[in-house]
Trainee: 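For reference, the structure I am asking about is given below.
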Amino acid sequence: MIRRRDAVRLAAAALALAGVLASTAACSDDEGAPTTPAPIAGGASALPGPAPAGLALRPAPSGAPGAPAVTGTLTDGSGLALADLWAARPVVLVFFSSWCTLCEQRQDALSELARTHRDAVAFVGVVTEDTPEDVQRYLRAHRVDYPVVVDDDGAISRSYAVREPPAVVLVAKGGALLRGWPGGVDAAALDAKLRELVLA
């Protein structure tokens, strides 16, 4: 026969055990719950918003050649047509690879410049000869907030006569090819060129 004191102890132990099991189950549920993955850097979520109202631009010189209106795939698998971007604003193409030392040295300043001119000028990265893992590490390390096209076969690079990274190309609103910098360009020089182009 169970004495009252023993019954109380057994009840208390049962309650404690039930509490432990409930808390373990809650932890297990939390651990098994799906988490929302971070967006892939350089994907569609990095595309610019609408061009600012009243954006005033210096007209492209007459006779400027047209930029190749290529299409490509962003890092998250989304498609991108460059002509869709330059229909509303100038576009800066930044050709790079994660293993390119000069690209890495200039990337932080270019990332900051892209934020400075956000929406008025669209920056687009073009990465070639790289792995998805290395590209993601590079984009996150250098806070690259703009979309990045994966140029696996080098077709986009060839269409812009880019033999190796780095290189930067400036395209006017409407698609006129304004300037190219084989070997890349420092952010200060590119900023000066953009400020000449974007009047308001």
Trainee: Shared ILVMFWY cluster between V91 and L57, side chains joined below 4.5 angstrom?
Mentor: no
Trainee: For P147 versus L47, what's the shortest heavy-atom pair and its separation?
Mentor: CG-CD2, 3.8 Å
Trainee: Under a 4.5 Å cut-off applied to non-hydrogen side-chain atoms, are V70 and L82 in contact?
Mentor: yes
Trainee: Count the heavy atoms of every other residue, nucleotide or ligand shown that sit under 6.0 Å from CZ of R115, and state whether that count exceeds 12.
Mentor: yes
Trainee: Same cluster or not: are L178 and L190 linked, directly or through other Ile, Leu, Val, Met, Phe, Trp or Tyr residues, by side-chain heavy atoms under 4.5 angstrom apart?
Mentor: yes
Trainee: To check you understand the geometry: which heavy-atom pair defines the closest contact between S98 and D134, and what is its length?
Mentor: OG-CB, 3.4 Å
Trainee: Are the side chain of R158 and the backbone N or O of D153 linked by a donor-acceptor pair below 3.5 Å?
Mentor: yes
Trainee: Do V94 and V126 have side-chain heavy atoms sitting under 4.5 Å apart?
Mentor: no
Trainee: Of all heavy-atom pairs between R106 and G184, which one has the smallest distance, and what is that distance?
Mentor: NH1-C, 3.2 Å
Trainee: I need the D152 CG to T131 OG1 distance, nearest 0.5 Å.
Mentor: 10.5 Å
Trainee: Check whether any side-chain heavy atom of R179 lies under 4.5 Å from a side-chain heavy atom of V185, and answer yes or no.
Mentor: no
Trainee: Tell me whether L177 is reachable from V124 by hopping between hydrophobic residues (I, L, V, M, F, W, Y) whose side-chain heavy atoms are closer than 4.5 Å.
Mentor: yes
Trainee: Roughly how far, to the nearest 0.5 Å, is CG of L139 from CD of Q107?
Mentor: 7.5 Å
Trainee: About how many Å separate CG of L110 and OH of Y146, when rounded to the nearest 0.5 Å?
Mentor: 5.5 Å
Trainee: Going by the angle between their ring planes, with limits at 30° and 60°, are F96 and Y138 parallel, tilted or perpendicular?
Mentor: parallel
Trainee: Minimum heavy-atom separation for V121 to R89, with atom names?
Mentor: C-CD, 4.2 Å
Trainee: Could you walk me through whether E112 and D191 pass side chain to side chain contact (heavy atoms under 4.5 Å, CB included), step by step?
Mentor: CA-CA 10 Å; E112 185 58 37; D191 184 44; over 6 Å; no
Trainee: Calculate, to the nearest 0.5 Å, the distance between atoms CD1 and OH belonging to I156 and Y160 respectively.
Mentor: 8.5 Å
Trainee: Are V168 and L170 connected, step by step, through hydrophobic side chains (Ile, Leu, Val, Met, Phe, Trp, Tyr) whose heavy atoms are closer than 4.5 Å?
Mentor: yes
Trainee: Give a yes or no on whether R163 atom CZ has more than 12 heavy-atom contacts from other residues, nucleotides or ligands under 6.0 Å away.
Mentor: no
Trainee: Can you name the closest pair of heavy atoms from A120 and L55 and give their distance?
Mentor: O-CD2, 3.7 Å
Trainee: Are V127 and F123 linked, directly or through intermediate hydrophobic residues, by side-chain heavy-atom contacts shorter than 4.5 Å (ILVMFWY only)?
Mentor: yes
Trainee: If you look at every heavy atom in T128 and S97, which pair is closest and at what distance?
Mentor: O-OG, 2.6 Å
Trainee: About how many Å separate OG1 of T75 and CD1 of I40, when rounded to the nearest 0.5 Å?
Mentor: 6.0 Å
Trainee: I'd like to know whether V171 forms a side chain to side chain contact (heavy atoms under 4.5 Å, CB included) with L85, so could you lay out the CA-CA distance, the side-chain angles of the two residues, the decisive distance to 0.1 Å, and finally the verdict.
Mentor: CA-CA 10 Å; V171 181; L85 291 180; over 6 Å; no
Trainee: As an exercise, state the distance from CZ of R58 to CG of L194, rounded to the nearest 0.5 Å.
Mentor: 12.5 Å
